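Notes for the one structure printed next.
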Amino acid sequence: EPEVTQTPSHQVTQMGQEVILRCVPISNHLYFYWYRQILGQKVEFLVSFYNNEISEKSEIFDDQFSVERPDGSNFTLKIRSTKLEDSAMYFCASTQTGDYGYTFGSGTRLTVV
Amino acid sequence: QKEVEQNSGPLSVPEGAIASLNCTYSDRGSQSFFWYRQYSGKSPELIMSIYSNGDKEDGRFTAQLNKASQYVSLLIRDSQPSDSATYLCAVTSGGYNKLIFGAGTRLAVHP
């Protein structure tokens with residue numbers, strides 16, 4: 001069964017450093033998303049991406065965040081200057097039509113120290 | 001602010017019993033409704049989707065939707081210890097179908 005692949009599975013970074021989280025969505029999917037889940041809290045929407053541009057973003061997705069689809073297969077989330085409160089699981093998801101349930105990747109656990 | 005509400009639990013049921021999980025949502029424009037299962041430290045796994053009022057059955061799982069009451073439920077029949085997990089209700093919102101998640105209901109199935 002096709003999978004959404006995320007790397008790395010765990011990243012530890014120092015406060016103020018830049019991190020890039022990587023995702024390879026399912027190949028024929030057209031809609032891409034990033035979500036995050038702080039430990040013990042809800043899964044929260046960050047950003048959706050369609051047709052090579054951001055289609056919607058949440059209040060969390062401020063100027064410190066950016067997304068790219070650099071080569072037609074990878075989909076990245078960059079955090080420019082990490083804060084302690086950015087520590088969370090980050091999930092990439094994709095869907096073919098946007099109307100059906102997403103396939104989530106296995107997640108990247110980001111720990112900011 | 002669009003919200004999805006679930007009882008946090010834990011909901012404890014004996015093996016073989018029916019587990020009933022409930023969810024309400026605030027956005028009347030939501031069109032698609034999902035139940036995800038999440039094991040601790042893992043990503044959400046889609047187990048059921050429902051788009052129209054009524055019941056939808058898939059194996060041991062039945063999803064129920066009532067748009068007038070803004071209510072979604074999930075029934076798990078013949079519950080097994082392996083069903084012990086957090087169950088997340090999610091509804092679509094907005095033109096690009098972002099998902100709004102509830103906080104999840106923790107289900108514990110004891111032998």
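Below, chains carry the letters A, B, ... as their sequence lines are ordered, and counting in each starts from 1. Quick caveat, the model's predicted, so the values are computed rather than measured.
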Margin query: For the CD1 atom on A/I38, are there more than 12 heavy atoms of other groups (residues, nucleotides or ligands in this structure) within a distance under 6.0 Å?
Written below: yes

Notebook entry, point to check: Out of curiosity, does A/I79 fall in the hydrophobic cluster containing A/I54 (side-chain heavy atoms, cut-off under 4.5 Å, transitive links)?
Noted result: yes

Item checked: B/E45 versus chain A, the contacting section by heavy-atom distance below 4.5 Å -> neither

Item checked: salt bridge (charged side-chain N to carboxylate O under 4.0 Å, His left out) between A/K42 and B/E3, worked out -> CA-CA 11 Å; A/K42 291 184 184 185; B/E3 296 285 343; 3.5 Å; yes

Checklist line | Winner by heavy-atom pair count (cut-off under 4.5 Å) against chain B, out of A/G40, A/S106, A/G107 | finding: A/S106

Check: Say you draw a straight line from CG of B/N97 to OH of A/Y50; how long is it, rounded to the nearest 0.5 Å?
Finding: 11.5 Å

Checklist line | Pairwise side-chain contact, B/L46 with A/T103, heavy-atom cut-off 4.5 Å (strictly under) | finding: no

Next item on the list: For A/L39, look at atom CG and say whether over 12 heavy atoms of other residues, nucleotides or ligands are found less than 6.0 Å away.
Entry: no

Item checked: Stepwise side chain to side chain contact (heavy atoms under 4.5 Å, CB included) check, B/L99 with A/Y102 -> CA-CA 9 Å; B/L99 290 182; A/Y102 305 167; 3.5 Å; yes

Next item on the list: For this output row, return yes or no: ring centroids of A/F104 and B/Y36 closer than 6.0 angstrom.
Entry: yes

Checklist line | Per-residue contact mode, A/Q37 against chain B (heavy atom under 4.5 angstrom) | finding: side chain

Note to self: Counting only heavy atoms not in A/D62 (residues, nucleotides, ligands), do more than 12 fall under 6.0 Å from its CG?
What the structure shows: yes

Check: Which answer fits A/S55, side chain, backbone, both or neither, if we ask what part of it has an atom under 4.5 Å from a heavy atom of chain B?
Finding: both

Margin query: Closer than 3.5 angstrom, by distance alone: can the side chain of B/S43 be matched with the main-chain N or O of A/G105 as a donor-acceptor pair?
Written below: yes

Check: If you draw a 6.0 Å radius around CG in B/D55, do more than 12 non-hydrogen atoms from other residues or ligands fall strictly inside?
Finding: yes

Check: Can you tell me how far the CZ atom of A/F91 sits from the NZ atom of B/K42, to the nearest 0.5 Å?
Finding: 10.5 Å

Margin query: Within a 6.0 Å radius of atom CD on A/E85, are there more than 12 heavy atoms belonging to other residues, nucleotides or ligands?
Written below: yes

Notebook entry, point to check: Applying the 4.5 Å side-chain criterion to the ILVMFWY set and letting contacts propagate, would A/W34 and A/V19 be lumped into a single cluster?
Noted result: yes

Item checked: Note, A/Y35 side chain near B/F101 side chain (heavy atom, < 4.5 Å) -> yes

Note to self: Counting only non-hydrogen atoms closer than 4.5 Å, does B/I100 touch chain A with its backbone (N, CA, C, O), its side chain (CB onward), both, or neither?
What the structure shows: neither

